[in-house]
Asks: 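My structure is below; once you've seen it, I'll send some questions.
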Amino acid sequence: MKSDQEIQRLAMRLLQSADIAGPPVDVIAVAKGLGVRVLSEKADGDLSGALYRLPDRTVIGVNREHSFVRRRFTIAHEIGHFVLHEQPIFIDRSFLATGMNPEEPLFRRDALSSQAVDSKEIEANRFAATLLMPDDFLLSDITDERLPLTSNSVRDLARRYQVSPQAMTFRLINLGVPIEQI
Amino acid sequence: MQDDVRSAAIYKAVGQEVAKRRNALTPRVTQAQLSELTRGRLSRSAIANIESGRQRVAVHHVYDLADAMNCEPSDLLPPNQKIFALPASLVASVESDPEASEFTRRVLGRNDLSGIRPRRKKKG
């Protein structure tokens with residue numbers, strides 16, 4: 001399992017080389033910087049996205065029926081697989097909100113699933129959260145906020161970073177930022 | 001960048017085909033002998049570089065090589081679907097899952113995951 005520090009370093013490097021200095025993070029630009037194309041296509045069921053490492057190119061597919069913030073998370077998740085894992089193909093199904101919490105992974109098990117795959121999914125989710133909500137960006141954004149953060153400020157942050165409020169909540173909790181209990 | 005990867009795969013496949021043909025000749029022919037068979041149009045080192053895919057072989061040289069090895073130029077050009085076949089692991093991992101295969105076909109622009117290129121529908 002990669003440490004949080006390693007994942008953070010990797011994400012920061014990608015952001016720097018894509019010249020991204022603040023939110024929202026342009027995940028397509030990050031993919032492009034890695035020579036990876038992103039294609040939005042219709043998918044049935046709970047399929048959220050996939051990474052294909054072909055002999056001549058690497059492609060990320062994302063379910064275009066999903067919401068904008070969800071597609072962004074999926075693309076970031078697939079970029080995570082690309083930079084962290086060697087497996088040639090990943091087909092990813094609903095990593096629901098809770099799946100973004102490394103403490104509580106939740107995704108449907110399928111034919112590809114195994115202990116090893118699950119830890120890769122957790123890593124890809126941690127990477128995606130770090131790439132979309134980088135520590136440095138977030139910490140500088142909340143320095144002037146009154147703590148604990150209200151649910152309104154969490155929602156504002158989610159909008160600013162173009163992620164779901166759930167993803168933002170988990171990310172803040174994982175960074176140890178106090179959030180007002182409702 | 002992806003174009004580079006793509007063209008590298010093409011030249012590598014052509015080079016491998018040239019090497020395969022050369023080694024299959026009876027009696028077996030070395031790169032130096034093949035150079036002689038092209039009447040010096042291609043040097044031994046050029047042939048070595050073409051076979052490794054390092055050199056982007058020119059079309060007229062494909063004809064020279066084919067002539068020297070007594071085959072057709074097209075015999076030295078592997079079909080598209082052979083060069084760009086999807087990895088067997090990819091096909092195997094999606095084929096049992098209809099949703100995943102359908103999505104994969106759309107994303108990769110293929111009708112068939114076993115590496116057959118999509119056929120254009122004939123009009124009229």
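Each chain gets a letter, A, B and so on, in the order its sequence line appears, and its residues count up from 1. Being a predicted model, the structure only gives us computed values, none of them experimental.
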Asks: CZ/B:Arg106 to CZ/A:Arg64 distance, rounded to the nearest 0.5 angstrom?
Replies: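 Going from the CZ atom of B:Arg106 to the CZ atom of A:Arg64 covers 7.5 Å.
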Asks: Could you check which of A:Gly61, A:Ala50, A:Pro88 has the highest count of heavy-atom pairs closer than 4.5 Å to chain B?
Replies: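 Most heavy-atom pairs within the cutoff with chain B belong to A:Gly61.
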Asks: Give a yes or no on whether a salt bridge exists between B:Glu99 and A:Arg93, defined as a side-chain N under 4.0 angstrom from a carboxylate O.
Replies: yes
Asks: Is A:Phe137 reachable from A:Leu157 through a run of I, L, V, M, F, W or Y residues, each pair having side-chain heavy atoms under 4.5 Å apart?
Replies: yes
Asks: In Å and rounded to the nearest 0.5 Å, what is the CZ to CG distance from B:Phe103 to A:Asp44?
Replies: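 It comes to 10.5 Å.
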Asks: Going hydrophobic residue to hydrophobic residue with side-chain gaps under 4.5 angstrom, can you get from B:Val29 over to B:Leu76?
Replies: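 Yes, one cluster joins them.
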Asks: Just jot down the ring pair (Phe, Tyr, Trp, His ring centres under 6.0 Å) partners of A:His85, sequence neighbours excluded, or say none.
Replies: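 So A:His85 forms a ring pair (Phe, Tyr, Trp, His ring centres under 6.0 Å) with A:His81, A:Phe90.
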Asks: Is there any side chain to side chain donor-acceptor pair (under 3.5 Å) pair reaching into residues 131-140 of chain A, and which pairs are they, with sequence neighbours excluded?
Replies: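 Passing the test, one end in residues 131-140 of chain A: A:Asp135-A:Arg171.
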Asks: Please check if B:Val18 and B:Tyr63 belong to a single hydrophobic cluster, counting links between Ile, Leu, Val, Met, Phe, Trp and Tyr side chain heavy atoms closer than 4.5 Å.
Replies: no
Asks: Determine whether A:Leu54 and B:Leu108 make a side-chain contact, defined as any pair of heavy atoms from C-beta on separated by less than 4.5 Å.
Replies: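 SC-SC contact between A:Leu54 and B:Leu108 confirmed.
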